2 protein chains.
Amino acid sequence: MQDTLFDFISKYVSLTEDEKNAIVSLDIFRSVKKGTTLLKEGQKSKESYFVLKGCIRTYYVLDGEEKTTAFYTEMEALTPPCVISKTPSEYYVSCIEDCILLISNSDMEAELNQKFPKFETMCRILSEELLAKQRIDFDEFKTSSPEQRYLNLVEKRPDLIQRVPQHQLASYLGIKPQSLSRLRARILEKKS
Amino acid sequence: MQDTLFDFISKYVSLTEDEKNAIVSLDIFRSVKKGTTLLKEGQKSKESYFVLKGCIRTYYVLDGEEKTTAFYTEMEALTPPCVISKTPSEYYVSCIEDCILLISNSDMEAELNQKFPKFETMCRILSEELLAKQRIDFDEFKTSSPEQRYLNLVEKRPDLIQRVPQHQLASYLGIKPQSLSRLRARILEKKS
DNA sequence: ATAACTCGATCACTTAAGTTAAGAAATGCG
DNA sequence: CGCATTTCTTAACTTAAGTGATCGAGTTAT
């Protein structure tokens, strides 16, 4: 599992054995059971998550309804906005599968950034890349219809359609579960 | 105008006079006329933009139709995804007002990042903040209807409604210009 | 084993957005 | 200034999403 992490890091910076050991000794690897809530609305938190195995989701509760806005799977990182803004969280984070996560603390990260320029370089590049990726996702979302968005998801993240309940997928696509059901029926109709 | 920039930077790191002079001597301040296209679809580019005055927009041309996905105004920064991915641009960037911009080059930035850790720290923090902000925007977009999105925009970016043509606002809200017109009429109806 | 709950599909109905077209108002340009 | 183009609004019609309700299958808990 550690190798998975270092393979990932090696795409951004190259670490010495000592540096790798330093990371391992931080003791931030965590096994988390399906259903565990990592962050609740209203909570303050300094934790960031990196998914080594499994899937976590972020969701809001608006008018008593869950609105799932994002999923993070293998090799994806999440720093909740509340960690950046230092305000209470607007949303929940929970595990929809048994997970192996890296859970880091922003104080710890600040220290690493100061001590190891290499680490800060990696964080900068990662943020810049994520920003660009997210921008493209947002643009695609804006410029397409629910049906196109669903087809796009089938194309690009077929795994999500298998591992995530439909009602969570629906709000991820910006629609109601009933509409997703109907839309899927419509697509099947067209194919035949 | 330079002061505006240094005021902005001072929120992230504190610069010495020498460092400020170094930035000024990079000669990256540019005046750009309304209507100027800064980046075209298919082009490769290494340029990032920081708006000191004015407004720039990003748009795709899909099926011959312009789809505006973002506006950048005073004190906002744009690094097009193509600069990060080093692939031809998927979209256009153009000025919808006379602008004063900082136009930087990614090679130049890489050099600065290497020479001045302070600069890299600022870039990291900025990217992290922008990522969190954009995440919230995306989440709000997903969880609300076109009408709510419009009202939200009136609330949070009233300036955009004044300075931007409606058909550009419409695709920014993920709808057609006719729908925006209708939706506005509906809102006025309700108020009376 | 059964009761309670969750999840997805379906249906009828309502509401709003997409589409097509036309025309008025504003803007730009020769 | 006046013509052309762009921008915005309106309207009629089509299509799809929201809403509320029901049903069946699968899961969980007791």
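All figures in this text were calculated on a predicted structure; none of them were measured in a lab. Proteins come first, then strands; the chains are lettered A, B, ... in the order of their sequence lines, and each starts at number 1.
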Contacts of A:S31 meeting side chain to side chain contact (heavy atoms under 4.5 Å, CB included) (sequence neighbours excluded), chain-then-number -> A:I100
Please give, in whole Å, the distance from D:dA17 P to B:I175 CD1?
-> 16 Å
Just say parallel, tilted or perpendicular for the rings of A:F138 and B:F141, cut-offs at 30° and 60°.
-> perpendicular
Taking only Lys NZ, Arg NE, NH1 and NH2, and the carboxylate oxygens of Asp or Glu, determine whether B:K11 and B:E129 approach each other closer than 4.0 Å.
-> no
From CD of B:Q148 across to P of C:dA17 the rounded distance in Å is 11 Å
Is the shortest side-chain N to carboxylate O distance from A:E90 to B:R135 below 4.0 Å?
-> no
Are side-chain N/O atoms of B:Q166 and B:S181 paired as donor and acceptor at under 3.5 Å?
-> no
Decide, yes or no, whether a salt bridge links B:R124 with B:E120 under the criterion of side-chain N to carboxylate O below 4.0 Å.
-> no
So which one's nearest nucleotide on DNA chain C is more toward 5', B:K34 or B:K176?
-> B:K176
Go through A:V164 and A:Y172 one step at a time and tell me if the side chain to side chain contact (heavy atoms under 4.5 Å, CB included) criterion holds.
-> CA-CA 10 Å; A:V164 167; A:Y172 180 68; over 6 Å; no
Short heteroatom pairs, N/O only, protein and nucleotides 8-16 of chain C, under 3.5 Å:
residue, atom, partner, partner atom, Å
C:dG8, OP1, A:Q166, N, 2.5
C:dG8, OP2, A:Q166, N, 3.3
C:dG8, OP2, A:H167, N, 3.1
C:dG8, OP2, A:H167, ND1, 3.0
C:dA9, OP2, A:S181, OG, 2.6
C:dA9, O5', A:S181, OG, 3.4

Are A:R57 and A:E66 ion-paired here, with the side-chain N under 4.0 Å from a carboxylate O?
-> yes
Tell me, which of residues 151-160 of chain B have any heavy atom that sits under 4.0 Å from an atom in DNA chain C?
-> none
